[in-house]
Structure formats: C-alpha cells, structure tokens
2 protein chains.
Amino acid sequence: MTGKDIGQATIRDVAREADVSVASVSRVFNRLPNVRPELKERVEQAARKLHYVPHAGARNLSMARTGSIGIVLPDLHGEYFSEMLRGMEREAALHQRHLLLSNMHLDIGHGIEALRNMRGRVDGLIVMAPHLNLDDLFAQLPPGIPAVLLNCRANGLGMPELRVDNVAGAATMVRHLIDCGHRAIVHVEGPEGNVEAADRARGYAQAMEAAGLKPVILPGNFDEESGRRAVERLQAEQVDVDAIFAANDMTAIGVMVALRDLGVDVPTQVAVAGFDNIPLARLISPGLTTMAVDIADMGARGINRLVALIDGEAVPQMELRQPGLIIRTSSQLSAA
Amino acid sequence: MTGKDIGQATIRDVAREADVSVASVSRVFNRLPNVRPELKERVEQAARKLHYVPHAGARNLSMARTGSIGIVLPDLHGEYFSEMLRGMEREAALHQRHLLLSNMHLDIGHGIEALRNMRGRVDGLIVMAPHLNLDDLFAQLPPGIPAVLLNCRANGLGMPELRVDNVAGAATMVRHLIDCGHRAIVHVEGPEGNVEAADRARGYAQAMEAAGLKPVILPGNFDEESGRRAVERLQAEQVDVDAIFAANDMTAIGVMVALRDLGVDVPTQVAVAGFDNIPLARLISPGLTTMAVDIADMGARGINRLVALIDGEAVPQMELRQPGLIIRTSSQLSAA
DNA sequence: GGCCAGCTTGTAACCGGTTACAAGAATCCT
DNA sequence: AGGATTCTTGTAACCGGTTACAAGCTGGCC
C-alpha cells in the first residue's frame, strides 16, 4: 500500500495494453505452449512497450517458491568464508538459485532473529554455526524448513550435515610433524565454544598422547593476531618448542609473521603447520604445510544437497569429509 | 498454489486461534501501540503455540519493500571481491538489510537476465561491472530502479557512481618507482575491455611519458597466472626490466612467484608493485608495494549510498576516491 | 448438420501479509 | 445525562503474480 513504487508496469497493465487477459500474459512469460503466436507477439510487444519486468516477489508468493537459498554464517572475515561462499555461489548459479546472505553475529539471539527473517524469503537454509548450539536455535523455528548444516555441533534435528573430520585431520598433521622429527609440538587452539576448534584440539591431544608426547595447548581465536600472541607467549615463557600446529591457517600465518619478526627461521628452527589450506597458504613463504579442506567444494556440496532436499529427493544424513595433508616447506626439518 | 508448503501457520491461523482479526495479529507483530495488552498476550500465545513466523515474502509484496539489496558482480574470485562483499555485508546489517547475490558472468545476456531477475526481490541494486557497457545493460530494464554503480564505465544513466581514481593511482605508483631509481618499468595490464584495467594502463603510460620513459605494456588478466606468464615472456624476450608494475595485486603476486622460481631477487634485481592492497599483499614476502583502495570501505559506502537513495534522500552523483600509496619492501632499491 | 475432441482464452480465487476505513467501546467533557 | 473524543478492533481491498475451471472456438468425422 505504502512503499515507493515508481509505478512500474504490472501484468495487468500489459494485459490491458495487449487487450488480453492476465492469464495469457502469464502464459507467454512462462513459455507455456498453448498460446496462439499472434497473441504471443501482441503480448511481447506490449511488454516491451511498457518495459514490463515480472515481479519476482509476487511470483514467489503465489508459487510458494522463491528460488533463493539462505546462507547463515557467523562471519565473513578471511578467506575461509569467502572461499566457501564462492563455492556456494557457483553451485547455486548452476541450479538457477540466488543466495541470500545473513550474518548471524555471535550470539544466539541474533541467530534466531536471522533465521526467522528468512521465512518466506528462501526455500531452504545453509547454516554454518560452529560456535552455537543448534538445538536451541531451531527450537524457536517452525519445523520442516529444508536446511543443511555445515560443520555444526551434532544435533538431534534430523537435518543433513556436512562435516570435516577435524579430529582425524589434526591427528594426521601431528603424525606428519612427528615424522619430520619434531617432538615438542605446541597447538594453538581456536576460539572457545567452537566445535571445529575443539575437535582439532582433541585430535591433536590424542595423537600426541598416542606417540607418548605431552600435549601443550595455547589459546587462540582463528585469526592472525592470536597466532602472533601465541608466539609472544611462548617466547615470554621460554617454552621449548620444535613445531607449532595452529588450529587454522590464519593463526599459522600469524605465527609465521611473529617468528619472522623475532628472527626465528621457519622451518629450520621452528616448524609451523595450519589447517584449511586457504589460498594464501600456498602463496606465503615459506609455503605453509596444512590440512586441505576443499572449502569451496564443501560449500558447493552443501548447496547441492540442499537443492536436492528442497526438490524432495533423498539426501544422505551425514557426510564426513577427510581433509588431506598438504606438505609444504614450513614443516620440513632439513634432516627428516 | 502449487509448491511444497508443509502447512506452516499463517496469520489467519493465528487470528483464528486467538479469536481476533488478522489486523490485530498484524498489529501485534508490528508492535503498533494501540493494542490492548490482554489481546496482545492472547495473540502471542497463539503464535507461540502454532510456531508462527511471519512470511517475509508476503509482507514484502504488500509493503512494496523487501529489505534486500541486490549485489551484481562479475565474479567472486579472489580477495578483491570477498573484501568488498564483506564491507557491504557489514554496512547492510547496520541498516537491517539482506544481501542477495547474483553473479553476472561475463556476457551481457546473462547480465540482463540477472538484473531482470532482481525485480521484486530487492529494493535496489549495487552493480559492479567494469567489463560491461552499462548503457546497454540498463536499456533493457524498467527505469527508476535505485542503483549505485561501482567502478563502472561512465554512462549517461544518472545513477550515483563510486569510483577509484585508477588513472591517478597508477601515475602515483609509476612516480614512486621512478623515485626508487627504476627506469625500465613494465606494466602488466588487466583484462581487455575492463575499465579499471584500461584506466590503470592509461595512468601508467601518461606518467611514463611525462618522465620521458618509454611505456611497455604486457597483456594480463588480473590473476596470478597472467603475472607468471608476463614474467615468462619478459624472460623469453630478454627484455631489460628494473621494475614490474602489475595492474592488480594478484597479478603482482604471480609475478613475484615466477621471479622467485627463476631465482630473481625482489626487489634488488627487479622491483614489483601492485594495485588494490588486498590483505595478502601485506603477508607475502617481500611485502608488496601497492596502491591502497579500501575495498571493504568502498563496498560499505556503496551500500550506504544505496540505502539513502532507496529512502529517497539526496545522494552525490559521483565520488572519485583517491587510492593511497603503500610502500613495502617489493619496490625498494637498496640505494634509493 | 450435429456431435465431440482439442485448443485457446478469460474469469476469478488464491498465496500471506498490510492497512484504509468504519464501527463499537470507553473516556472525558460540560 | 448527552455528546464529543479517543482508543481498540474488525472487515475487506489490495500488493502482483499463478492457475483451476469454464467457456468459446475450431475442426474432424459420421
């Protein structure tokens, strides 16, 4: 009623101009076969004359289908999320879908609001919230929304999940560092309350203990800054360290930058390893040894699953993806 | 009519359950003041019981306002776009807006389709299409859509524009390289048909000529690969070169990687410079000298302008932003 | 010619909200 | 008490599409 419509042409305007019914205009625009060519031509001419463009919102409402997918992320910082988004976008475009972004900042209240806001805007949701308890989140929502969860805390919601095997990945990395001859391996953890971070720390601790080594865990926050701080702390406390395994690549990069500033050579004096294999890991020097999660592909697969789910197809309940070890220079002791 | 509605509660269901009219339910949900507390309570209880969540699509239609902003980009590769998107997301969240992503791949046909698809889905558009002629694009669309253009070819559309002064920026960089003592400065251009690339090449050429130096321009494509290829070519053709000024940071990084592989030291043997100041530029080593465009801020400002435009406020027609020179190690000759 | 099948086309109800308008109830005057 | 005013509430039209259904038209066939 209100609203600042500049008076754009509607389907009724076109119908009047072409002297046909709205149904016919609709049929022409939806390419239904049973329209006489002469009439079709008349409609198209009228539409062109009036600069008519169909109103997607109205279409969505009457068809109960939006063609959009809601992406609910905790943040957009860093290459991790942008890679994931890129993968999603690519796949969504293949399925003729748009992506509607919604950033649920840290607390659960905003999360709930964000999700509620999506109702009627999207056909389904991709939720990535490693820092929140999803059961609480979805409790507030009407049941039955198609959704795919990416790297979330396990839950009893019966929604398809896609996860990276962070425990196994971290263990693999620890074994690699041990193979390289390192013994005093320190882990810089991710943010508290983040499932992925917790799993990586767990994998690290298990592998260390399995090798008869003592785990040492420093707090971190998945960002460059926390890598830097971890190094400062190691330095201040004179901790003996052969290798630093950071919970993700950005932290590892912070570690490397801090070590460089201190004049400590990587990898000859201290080895460094990360997790994620963001594009940057390859470009920095020395190249960062890391666990490769094909982030863009994860995103793409998430979209793929969701589209299937929306179309009513069967979708695997859970997929656990194994990250692969990428060995670059940062981890290698000259004498292995 | 069709559609796979799982039968979620509508405003009418809530009205029936609470034994009030739909208007009252609507009033409660929109926090209008004139509702008796007892009735409000009844409505809220009914809504909770039915797990009612308002249908944004329907709301949008009747209010002629979606609360979403359409972002039309040519691509999502690389840090440039993700930085911009991040800035946009931040600002949009401040204004309670969602972002609807649409990737208009390279050709104009898809571009037009993408834009048409936005009608009725968004309140306005941010268009970033340095590679397309926008007049052709918008000719196909109904006039009067609020839109802000980012780094686009000049046009007579009367839409607010936000642009980086690429000509001046490139010239500044050339002068800096000359100040560092370099003379044989080669430029690796961006993709053909891209306005930003063309402007940077123009700024480069003008500054070189002003200094009495001969411009040498190699083709490129704004990506790492093209930087690498440029180096190969210089190598193959035995071109004498003191410095390579790439059209953007990713290309410059490709150049540095290729030089490193060839055993050519940066900056002592060849200096390198880029443009954009993507986050990576600071992290790579040696640090990359570049022109800083605050990409995220550009995105945020774009959104800000667009929101003002949507709200009917006056908006400056054009803003040309000056990039700033960021001097890092990659450009400096030991003896300046 | 008459009847039926198959097209084409139009009418009107519907999607799920918002809101102008009117009516009814409560409050405040004098 | 009676009338004016204010507040609360409901009815129904509207946003701009889609589509079930019916009606009109055409042509084929006996």
Side-chain angles (χ1 to χ4, degrees), chain A residues 1-43 47 50 52-67 116-121 123 142, chain B residues 1-43 47 50-67 116-123 142:
Chain A
M1 231 52 164
T2 322
K4 37 216 58 183
D5 225 335
I6 334 235
Q8 306 213 337
T10 74
I11 198 173
R12 279 166 241 266
D13 297 327
V14 177
R16 194 175 322 114
E17 175 75 25
D19 197 29
V20 298
S21 73
V22 291
S24 292
V25 178
S26 175
R27 282 191 271 261
V28 168
F29 272 85
N30 290 309
R31 293 179 170 60
L32 296 193
N34 47 344
V35 180
R36 203 156 37 94
E38 188 267 338
L39 185 146
K40 180 171 174 230
E41 177 53 37
R42 234 162 66 218
V43 168
L50 300 178
Y52 171 67
V53 178
H55 188 288
R59 192 157 201 274
N60 296 342
L61 181 57
S62 79
M63 306 225 288
R65 190 150 203 308
T66 65
R116 299 186 118 238
N117 266 324
M118 288 286 173
R119 145 102 156 134
R121 268 184 224 278
D123 298 326
Chain B
M1 231 50 162
T2 322
K4 36 217 58 180
D5 227 333
I6 336 240
Q8 306 212 339
T10 74
I11 199 172
R12 280 166 240 266
D13 297 326
V14 177
R16 196 174 323 115
E17 175 76 26
D19 197 30
V20 299
S21 73
V22 291
S24 292
V25 178
S26 176
R27 283 191 271 260
V28 169
F29 271 84
N30 290 310
R31 295 180 168 62
L32 296 194
N34 47 345
V35 179
R36 203 155 38 92
E38 187 268 337
L39 185 146
K40 178 170 176 232
E41 177 56 34
R42 233 162 64 218
V43 167
L50 299 179
H51 290 281
Y52 171 68
V53 178
H55 188 288
R59 192 158 201 275
N60 297 343
L61 180 58
S62 79
M63 305 223 289
R65 190 152 204 307
T66 66
R116 299 186 117 235
N117 266 324
M118 288 286 175
R119 144 101 157 136
R121 270 184 223 278
V122 301
D123 299 326

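What you see is a predicted model; the values in this text were computed from it and never measured. Computation of the quantities below employed the complete heavy-atom set of this structure, encompassing side-chain atoms and omitting hydrogens, waters and symmetry-equivalent molecules. So that the names make sense, note that chain A is the first sequence line, chain B the second, and so on, each numbered from 1.
A distance of 8.5 Å separates CG of Asn60(A) from NE2 of His55(B), quoted to the nearest 0.5 Å.
Between Glu38(A) atom CD and dC25(D) atom P the separation is 16 Å, expressed in whole Å. Separating the CZ atom of Arg59(B) from the P atom of dT18(C) is a distance of 5 Å, rounded to the nearest angstrom. dT11(D) atom C1' lies 14 Å from atom CD1 of Ile11(B), rounded to whole Å. Regarding Asn34(B), its CG atom lies at a distance of 16 Å from the P atom of dA26(C), rounded to whole Å.
Annotation: of the two residues near DNA chain D, Pro37(B) and Ala58(B), the 5′-most nearest-nucleotide partner is Pro37(B). When the nearest nucleotides of DNA chain C are assigned to Leu39(A) and Val22(A) by heavy-atom distance, the more 5′-ward of the two goes with Leu39(A).
Counting any heavy atom pair closer than 4.0 Å across all strands shown, Asn30(B) reaches sugar-phosphate atoms only and no base atom. The residue Tyr52(A) sits close only to the backbone: its heavy atoms come under 4.0 Å of sugar-phosphate atoms, none of a base. Contacts of Ser26(A) with the nucleic acid, taken as non-hydrogen atoms under 4.0 Å apart, include base atoms.
The base of dG17(D) is paired with the side chain of Arg12(A) by a donor and an acceptor separated by under 3.5 Å. No hydrogens or angles were tested; on distance alone, a donor-acceptor pair under 3.5 Å links the side chain of Arg27(B) to the base of dG10(D).
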